[in-house]
Number of protein chains: 4
Amino acid sequence: MARTAGSNGTRTLESIRKAGLRLIYRQGYEAMSLRQLASEVGIQAGSLYNHISTKQDLLFDLIRVHMEELIDRLDKTLEGVAGPSDKLDAFIRFHVEYHIARKREVFISYSELRSLEPKNYDAIVELRARYERRLIAVLDDGVAAGVFATADTTVAAFGILAMLTGVCTWFKPGGRMTKDEVIAVYTGLVRDGLARDADKPKAISPPPPPPAGGAPGA
Amino acid sequence: MARTAGSNGTRTLESIRKAGLRLIYRQGYEAMSLRQLASEVGIQAGSLYNHISTKQDLLFDLIRVHMEELIDRLDKTLEGVAGPSDKLDAFIRFHVEYHIARKREVFISYSELRSLEPKNYDAIVELRARYERRLIAVLDDGVAAGVFATADTTVAAFGILAMLTGVCTWFKPGGRMTKDEVIAVYTGLVRDGLARDADKPKAISPPPPPPAGGAPGA
Amino acid sequence: MARTAGSNGTRTLESIRKAGLRLIYRQGYEAMSLRQLASEVGIQAGSLYNHISTKQDLLFDLIRVHMEELIDRLDKTLEGVAGPSDKLDAFIRFHVEYHIARKREVFISYSELRSLEPKNYDAIVELRARYERRLIAVLDDGVAAGVFATADTTVAAFGILAMLTGVCTWFKPGGRMTKDEVIAVYTGLVRDGLARDADKPKAISPPPPPPAGGAPGA
Amino acid sequence: MARTAGSNGTRTLESIRKAGLRLIYRQGYEAMSLRQLASEVGIQAGSLYNHISTKQDLLFDLIRVHMEELIDRLDKTLEGVAGPSDKLDAFIRFHVEYHIARKREVFISYSELRSLEPKNYDAIVELRARYERRLIAVLDDGVAAGVFATADTTVAAFGILAMLTGVCTWFKPGGRMTKDEVIAVYTGLVRDGLARDADKPKAISPPPPPPAGGAPGA
DNA sequence: CATGAATGAGAGTTCATTCAT
DNA sequence: CATGAATGAACTCTCATTCAT
């Protein structure tokens, strides 16, 4: 049969992306075979190539689109918020909510970095750095305004991001804690961690080198 | 993982473990071929089987040995320390130092969980939970003693662990921050985050469900 | 090879034949993909099937049409020529000119014989034999008339044809030799080769078996 | 079963080369599948890779070894022969005998040139040119000595080679003509073609450009 | 204890071809 | 008459693993 009635290309591509996301999340990029992916979509393996160009390209596309949307939405969220404290709160809420909602995209964006070919890898690391710079800027503003105190805003940002991101590894909606409760706990941890008080170490001069982005190859 | 004590093979096994760790860290378990591993060791692929039983077994062994040593050393470290505050400080220092020193073991213990067969997976998750319970216990003691305040010690422990562990993704020895400076920053973040003060949310009743251990398949 | 007379499709079919000839010549029949062919024509692969019935059919058609035209033109050329010597000269000139002009058709008619299905293969080999018989007949006439001397007209014909055909593998128009100079050289070689003189071996009894037509499978 | 008793690597490689030669000759390089080749050898497709590096490499190796041996043997044959006439006779005899004996190597060395990757293609074309230069040198010597007459030794050489090589497309041992009879016919054709007499066209100035080696892509 | 040759499964990808739209 | 999406088979090549030597 040449074409399953009622199907069409756009819908098939979306099925492929959705199934691909699920499988890469569950098994890893290397462990997912295109035959398995095709079977989930309900087509033959070869038919995938009417929609994607290579397996690598599918991975890159999934991660890139996710990162771009992450940044877009963050920008829209922070747009209407004024003052470092409120911006930090908004960032925390946004980050946690988005990372809970897009658990799988988030996960593969970290864990499959090493499966990306160099050119694609570079592109994603740059997107990631762009996102991190948003938080660093908020912290810098807060320090400048005297609301936050930290020895190094870049290191602090990495610490905060690692902690917040960690949530998506264990949070289960419908579990005993609501999303808002989690956010409250983390907001407390971060706010107090940055609270300005006398006995904090002062800044250790220039900011640290940017991280490799979690990629082990670096 | 059979091992003939004292023989020449012990040295070969160690080479295999070392090269295997490096390759799995750099490329991932699925992406590492046994031919490649053998070539790094300087033998033929078939000869590996004089030292390991299967590829899966090599992975499991690398992770298990690491987890067991992690717990052992933590226990030895905490043995001589008294009081929740000092224990927390000791935990932070130990965790960061160990995670910096064993960067690769740590990384694959998280990232390759999903490559473990169910039986092996369960064994590692149990070891991980055992380690986490050490920190939770410290926090519980602190809360009971009125030194720490947090709505939920389990959630707080996961947050702390995620943040501390994140360090190994970006810390570079010889970089602009020393290990001790990093530890100081994180100790500050955590201590302040747990500092007892009036406006903290109170505990939210029973503890949350245990995390799947970062394994997406769960 | 269906063809709707006068329609737009005729032009498309001609494009397909022309592009197909070029691609088969350059890469070989097996190595040419229909997607590539379609892309050269500027249509989608599936659309080819509005003009050809199968890939095999396209190949067969290209070769058959070429062979039929070769024979037709030879017959028209020889029609007005009298005497074995002049006929031989005319044959040489015709063969070389045609083989230079239709370099690609000639080439694939030899090299892709083995890509033809048995039925198609047989049809082309028969056409080729028909062409060869034209030259053999000229030689036979010459021998009968005492103008040519050769031990075996069939073998001689194959030798002459191989030599003349070889020209299309290296001749470049606009190169240092003109077409006429090449023809002169070859005419000299052949004429002298067949020149009647005393020390030639006499005919070795009946003619040899017909060649398989260059097809190795035979 | 890991290894069929009594077999060994060298013998397997020879089987592969032999079967590969047969299959490429019969069907063409593109049309021969490695599964088919493996099946003829009596092993699995993957096992081929214990002996060859790629399919392309097998083809290149078959042609290269053939060309090198062709040149080697020609040199040994001509070594003990003096004078252009005898050298030409020896060349003709050698060429025809070798081309009859190595029918298949000869055929694929021509027909599969276009299946070679550029680097391999260049290497073979150079070997071929080296062989052709041997004949051109003989002709040049003959012309210089006044024994041969031809307008252009390079063109003549190509003509002679094409004619002689053509023999391998139709000669069948055990057919009605013996090898020696064929050689006699061709020696006669060539000798007479080069015979020095008054009415030959004189040399047409410098030699023509070397041919691309029959490769259609040129 | 290492080697080299084998297995059998499976990888990603390409192919000629079909056909509803 | 063209398109785009599908099929199912085939492709070259890699893999973990085995085992006679």
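Chain identifiers are assigned alphabetically (A, B, ...) following the order of the sequence lines, protein sequences preceding nucleic acid strands; residue numbering begins at 1 within each chain.
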Residue pair B:Gly46/A:Thr54 against DNA chain E: nearer the 5' end by closest nucleotide is B:Gly46
Looking at A:Arg114 and B:Glu112, does any basic side-chain N land under 4.0 Å from a carboxylate oxygen? yes
Of B:Ile43 and A:Gln36, whose nearest nucleotide on DNA chain E comes first from the 5' end? B:Ile43
Inspect the contact between A:Glu69 and A:Arg102 and indicate whether a charged nitrogen and a carboxylate oxygen are less than 4.0 angstrom apart. yes
Rounding to an integer number of Å, can you tell me how far D:Glu30 CD sits from F:dA10 P? 17 Å
G-U wobble or Watson-Crick pairing nucleotide for F:dC13 (cut-off 3.5 Å, both distances): E:dG10
Using the closest heavy atom to pick a nucleotide of DNA chain F for each, name whichever of A:Gly42 or D:Tyr29 lands nearer the 5' end. A:Gly42
Is the terminal nitrogen or CZ of C:Arg64 (NZ for Lys, CZ for Arg) located under 6.0 angstrom from the six-membered ring centre of C:Phe60 and within 45° of that ring's axis? yes
With a 3.5 Å limit on both atom pairs, tell me what F:dA20 is paired to, counting Watson-Crick and G-U wobble, or say none. E:dT3
Answer yes or no on whether B:Arg22 is positioned over the face of B:Tyr25, meaning its NZ or CZ is under 6.0 Å from the six-membered ring centre and within 45° of the axis. no
Under a 4.0 Å N-O cut-off, is there an ion pair linking C:Arg11 with C:Glu14? no
Mind calculating the distance between CD1 (A:Ile52) and P (E:dT14) to the nearest angstrom? 11 Å
Length of the line joining C:Arg11:CZ and F:dA2:C1', which is rounded to integer Å: 15 Å
E:dG10 base / A:Arg35 side chain donor-acceptor hit below 3.5 Å: no
May I have the distance from C:Leu48 (atom CG) to E:dT17 (atom P), rounded to whole angstrom? 10 Å
Can you check the D:Lys55 NZ to F:dT14 C1' distance for me, whole Å? 17 Å
Does OP1 or OP2 of E:dG4 have a side-chain N or O of D:His51 closer than 4.0 Å? no
Quick check for you: among F:dT3, E:dA6, E:dT13, whose closest atom lies nearest to any side-chain atom of A:Tyr49? E:dT13
Could you state the CD1-P distance from A:Ile16 to F:dA6, rounded to the nearest angstrom? 8 Å
E:dA2 phosphate, OP1 or OP2: any side-chain N/O from B:Thr12 under 4.0 angstrom? yes
If the cut-off is 4.0 Å, is C:Ser47 near the phosphate of F:dC1, judged by side-chain N/O to OP1 or OP2? no
Does a nitrogen or oxygen in the side chain of A:Gln44 sit under 4.0 Å from OP1 or OP2 of F:dA6? no
Is D:Ser33 near enough to F:dA10 that one of its side-chain N or O atoms lies under 4.0 angstrom from OP1 or OP2? no
Between atom CG in B:Leu37 and atom P in F:dT17, what is the gap in whole Å? 12 Å
Taking atom P of E:dT18 as reference, at what distance in whole Å does atom CG of A:Asn50 sit? 16 Å
